Number of protein chains: 2
Amino acid sequence: MNLVPIYSCLADETRLRMVHLLARTPLCVCHLQSLLNLTQVAASKHLAYLRKHELVAGRRHQQWMIYSLPTKPSRELALQVRALQECARLDPVLRDDLRRLAEIEPDCCWAGQALEGPGRAKHSPRLKSKRTPLITP
Amino acid sequence: MNLVPIYSCLADETRLRMVHLLARTPLCVCHLQSLLNLTQVAASKHLAYLRKHELVAGRRHQQWMIYSLPTKPSRELALQVRALQECARLDPVLRDDLRRLAEIEPDCCWAGQALEGPGRAKHSPRLKSKRTPLITP
DNA sequence: GGTTCATATTCCTGAATCGGAATATGCATC
DNA sequence: GATGCATATTCCGATTCAGGAATATGAACC
């Protein structure tokens, strides 16, 4: 019954929105945090939960952790993510998440380049605390 | 975010199996109870949970409560149930549930007649405690 | 009206989970 | 190696939920 952990992960609004965003593009924790307006602890804990249940994978790039859906998701996960994406078109919150993601995508070094390569760190390290603020809430 | 209650309901193996069975045909509590090998309390409580979150509807027929998916499910629910049914084909437990359901379907007065009409009580009332035992565990 | 059957509700206990505060770790720069 | 930043982990307290035992309700039959 590999379905139950998937549903458990999605049974929380924050995690649901995270998976939905990550289904579109890999993101680092601070992007997720500002997109979803989360405290650092909340973001990290929910990501740990998703990692534990293998809904997302994280890799470190320099000082940042980049999260994404697994490279080779199980068939169940793939089907569920697709269903989620279909439903998301009916949901104002999820649609708005995607809209705000699109706004920052040009600024985001990870957008579109999935898991391949380390990526040029447009997420510029050492920029005097001026880390890409994305959406300022 | 009407998706979260749906996922919460499915985030438990018993409820997941209930919804999966009910997606195929309406069933009374005692059928679900024996198909899933549940205590009376467990069956009733999980159904109450599903009812509270509007994933199932119950109607009384004589002494029995017949549960089924809602007559007019939301689009989200319909999509999720379809995704579940697709995934179910990959899952041994869920497939076996359907197999055992098929075995008792001829004996089951509710099979196939959905929500219309009261149905002939093949679930014969007053048959001296010899209620259709279905699967004897 | 009393009995029986099918189902629901209540009360309990134990486990899991969430949110926040504080602290720890790992990488990068100086 | 000290400092700063991004992230993770730990330790609370509050809430939620599952499972079992006992009890309550409601319909049907006598």
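In the text below, chain A, chain B and the rest are named by the order of the sequence lines, each starting its count at 1. Being a predicted model, the structure only gives us computed values, none of them experimental.
- A salt bridge links A/R17 with A/E13: the distance from a Lys NZ or Arg NE/NH1/NH2 to an Asp or Glu carboxylate oxygen falls below 4.0 Å.
- Here the closest heavy-atom approach between residue A/C9 and residue A/H53 is recorded as SG-CB, 3.5 Å.
- Taking every side-chain heavy atom of B/A48 into account, C/dT9 is the closest of C/dT9, C/dA8, D/dA18.
- Put simply, CH2 on A/W64 is 17 Å from C1' on C/dT25, counting in whole angstrom units.
- One can place CD1 of B/I66 at 11 Å from P of C/dA8, the figure rounded to the nearest angstrom.
- Looking at residues two or more places apart in sequence or on another chain, you find a side chain to side chain donor-acceptor pair (under 3.5 Å) between A/Y7 and A/Q80.
- Separating the NE2 atom of B/H31 from the P atom of C/dA6 is a distance of 11 Å, rounded to the nearest angstrom.
- Residue A/R15 places its side chain closer to C/dC18 than to any other of D/dA8, C/dT7, C/dC18.
- Taken residue by residue, residues 49-57 of chain A places heavy atoms nearer than 4.0 Å to DNA chain C at A/Y49.
- Listed by chain and number, the residues in a side chain to side chain donor-acceptor pair (under 3.5 Å) with A/R51 are A/Y67 (sequence neighbours excluded).
- Shown here are the salt bridge (Lys or Arg N to Asp or Glu O under 4.0 Å) partners of A/R99, two or more places apart in sequence or in another chain: A/D96, A/E103.
- Contacts of B/D12 classified as salt bridge (Lys or Arg N to Asp or Glu O under 4.0 Å), with partners at least two apart in sequence or in another chain: none.
- In this structure, the CG atom of B/L47 is 14 Å from the C1' atom of C/dT9, given to the nearest Å.
- Taking atom CD of residue B/E13 and atom P of nucleotide D/dC17, one finds them 19 Å apart after rounding to whole Å.
- Between the CG atom of B/N37 and the C1' atom of D/dG20 there is a distance of 16 Å, given to the nearest Å.
- Connection of B/Y49 to B/V4 is not established within any shared hydrophobic cluster, with ILVMFWY side chains joined at heavy-atom distances below 4.5 Å, either directly or through further cluster members.
- Listed by residue number, the members of residues 39-46 of chain A with any heavy atom below 4.0 angstrom from DNA chain D are A/Q40, A/V41, A/S44, A/K45.
- In this structure, the CZ atom of B/R59 is 19 Å from the C1' atom of C/dA8, given to the nearest Å.
- Under 4.0 angstrom from either OP1 or OP2 of C/dA6 there lies no side-chain N or O belonging to B/R60.
- The number of heavy atoms from other shown groups lying within 6.0 Å of CD (B/E54) does not exceed 12.
- Residues A/L27 and A/L22 share a closest heavy-atom pair of N-CD2, 3.7 Å.
- Distances were taken from every side-chain heavy atom of B/Q62 (C-beta onward) to each of D/dA28, D/dA18, C/dA6; the shortest belongs to D/dA28.
- Atom pair B/Q33:CD and D/dG20:C1' shows a separation of 14 Å (rounding to whole Å applied).
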